[in-house]
Amino acid sequence: MKDILRLCVSLGLVCLVGAGALAYVNNVTDGPRKAAAKATLTDGLKLVLPLETATIASNDEEGAPENEKVVVIDGVKLYRAFDAAGAEIAVAAEAEGKGFGGMVKTLTGIDKDGRIIHVIVTSHSETPGLGTQATDRKEKKSIWGGGKALAEGELPPNPYLDGKYNGKEARPFTAIDGVSGATYSSTAVHNAVNKACRAYGKYKKN
Amino acid sequence: MSVMKELVKGIWKENPVLVLMLGMCPTLAVSSSAKNALGMGIATTCVLLGSNLAISLVRKAIPSKVRIPCYIVIIAVFVTIVEMLMNAYAPAELNKTLGIYIPLIVVNCIVLGRAEAFASKNGAFASLMDGIGMGLGFTLALMALGGVREFLSGGTFFEYEVVPGWPSFLLFKFPAGAFIVLAVFLAINNHHKIRKAEREGTTYMPPELNCARCHICADKDDK
């Protein structure tokens, strides 16, 4: 009996100290983590929106001016992009889908004709080398040189994302043509982009 | 001298992947390219260092009956803290490259295995050395596997094209290819050891079957 008590106390102490350390680090890093996430989002928005974009409505605080506000429809955040003259030229929709290792966050750029410009995955925890085939973009490089530098506004290729979405109309897609070895991850991207397209459709109707 | 031994043993004589057969799950899943292997190796080495050090410091305070749950809690806390710190302060590029390996480490059996087999019985400095050695050995084995698989599957190395026009050989990109390449590695390693033992006129004995390394009988009388 005494032994059990001793075991419980020592395991409890380890857990308590661990929980305390986690709470402390969580508290301290909360601000910087949010800032880092925001920086990632800003970089991502630049990638999926057209080059002519001058301002992006990305303010999600209460009481922000109407033309700076993020539009939220069914949990999907729509970031509107305006050109220098103040006309709306594109929308970037941020949506997420459930993947193999957690949520897969995507950004879908949609131009004013309702066609998808690019789809990028901003954060995920899929298995490197397998699931990442459906999410990550990587440049083609050769030790023999000859690789051409990316033009401005051009993204490193991902055959799955580019082939399925680039230039297509922003309506929910039906067929899931996944990447072999990355079924869960491609389904996650598919679901997230479909959510984005549905939200975009509702936004256009209003 | 013995410190060097702890450091070097992980790289070859007790390589976690090729000899101890620890961490097979990340080995098979993440060794599809040399870059992935390197990322996973670095991330694991860092966590292994921290957890070995922490566990060797508290080893005398933890009753042996609850040591495994305690180690798991310590390792999980450590990994989660590393993940939060990386999210907050690491450059975005580094976080994107290494961050995806972190969730894979929490349940990595190399980390728990070394905690149980080494850090819980040795001092802080020796455990640190063991962590570095095991981490390096894991990284090197993973990179050898990853390099071979990446080259065979697409003719590339570290995402740079080496042989233009190499046909895409998908088998090696998938876990099945990992099993094949790993099996070849193990066969070469074992062949080498058996031959060496024959030359010396002894019988080859895998280290994990050796009584000197196993503490199960000795540990029966709990503290």
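Note on naming: letters A, B, ... go to the chains in the order of the sequence lines (proteins, then strands), and numbering restarts at 1 for each one.
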Quiz item: Can you check whether Val14(A) reaches Ile74(B) side chain to side chain, under 4.5 Å on heavy atoms?
Solution: yes
Quiz prompt | Greatest number of heavy atom pairs closer than 4.5 Å to chain B - which of Thr40(A), Leu130(A), Thr127(A) | solution = Leu130(A)
Quiz item: Side chain, backbone, both or neither: which part of Asn26(A) has a heavy atom under 4.5 Å from chain B?
Solution: both
Quiz prompt | Test item: Met84(B) and Leu22(A) side chains (from C-beta on) under 4.5 Å apart, heavy atoms | solution = yes
Self-check item: Heavy atoms from other residues, nucleotides or ligands near CH2 of Trp166(B) exceed 12 (cutoff 6.0 Å)
Solution: yes
Quiz item: Has Phe174(B) got more than 12 heavy atoms of other residues, nucleotides or ligands less than 6.0 Å from its CZ?
Solution: yes
Quiz item: So which of Gly102(A), Ala35(A), Ser180(A) has the largest heavy-atom pair count under 4.5 angstrom toward chain B?
Solution: Ser180(A)
Quiz prompt | Lys173(B) atom NZ, neighbour heavy-atom count above 12 within 6.0 Å | solution = no
Quiz item: Which atom pair, heavy atoms only, marks the closest approach of Pro128(A) to Tyr101(B)?
Solution: CG-CE2, 3.2 Å
Quiz item: Is the number of heavy atoms from other residues, nucleotides or ligands within 6.0 Å of OH (Tyr184(A)) greater than 12?
Solution: no
Practice problem: Tell me, yes or no, whether the heavy-atom count around Lys77(A) atom NZ, taken from other residues, nucleotides or ligands under 6.0 Å, exceeds 12. | Solution: no
Exercise. Answer with side chain, backbone, both or neither: which region of Val28(A) has an atom nearer than 4.5 Å to a non-hydrogen atom of chain B?
Key: both
Quiz item: So Thr29(A) and Asn87(B), side-chain contact (heavy atoms from CB on, under 4.5 Å) or not? Walk me through it.
Solution: CA-CA 8 Å; Thr29(A) 58; Asn87(B) 273 338; over 6 Å; no
Quiz item: Which of residues 26-50 of chain B have a heavy atom under 4.5 Å from any heavy atom of chain A?
Solution: Ala29(B), Val30(B), Ser32(B), Asn36(B)
Quiz item: For the residue pair Ala88(B) and Pro32(A), what are the closest heavy atoms and their distance?
Solution: CB-CB, 3.7 Å
Self-check item: Within 6.0 Å of CZ in Phe179(B), more than 12 heavy atoms from elsewhere
Solution: no
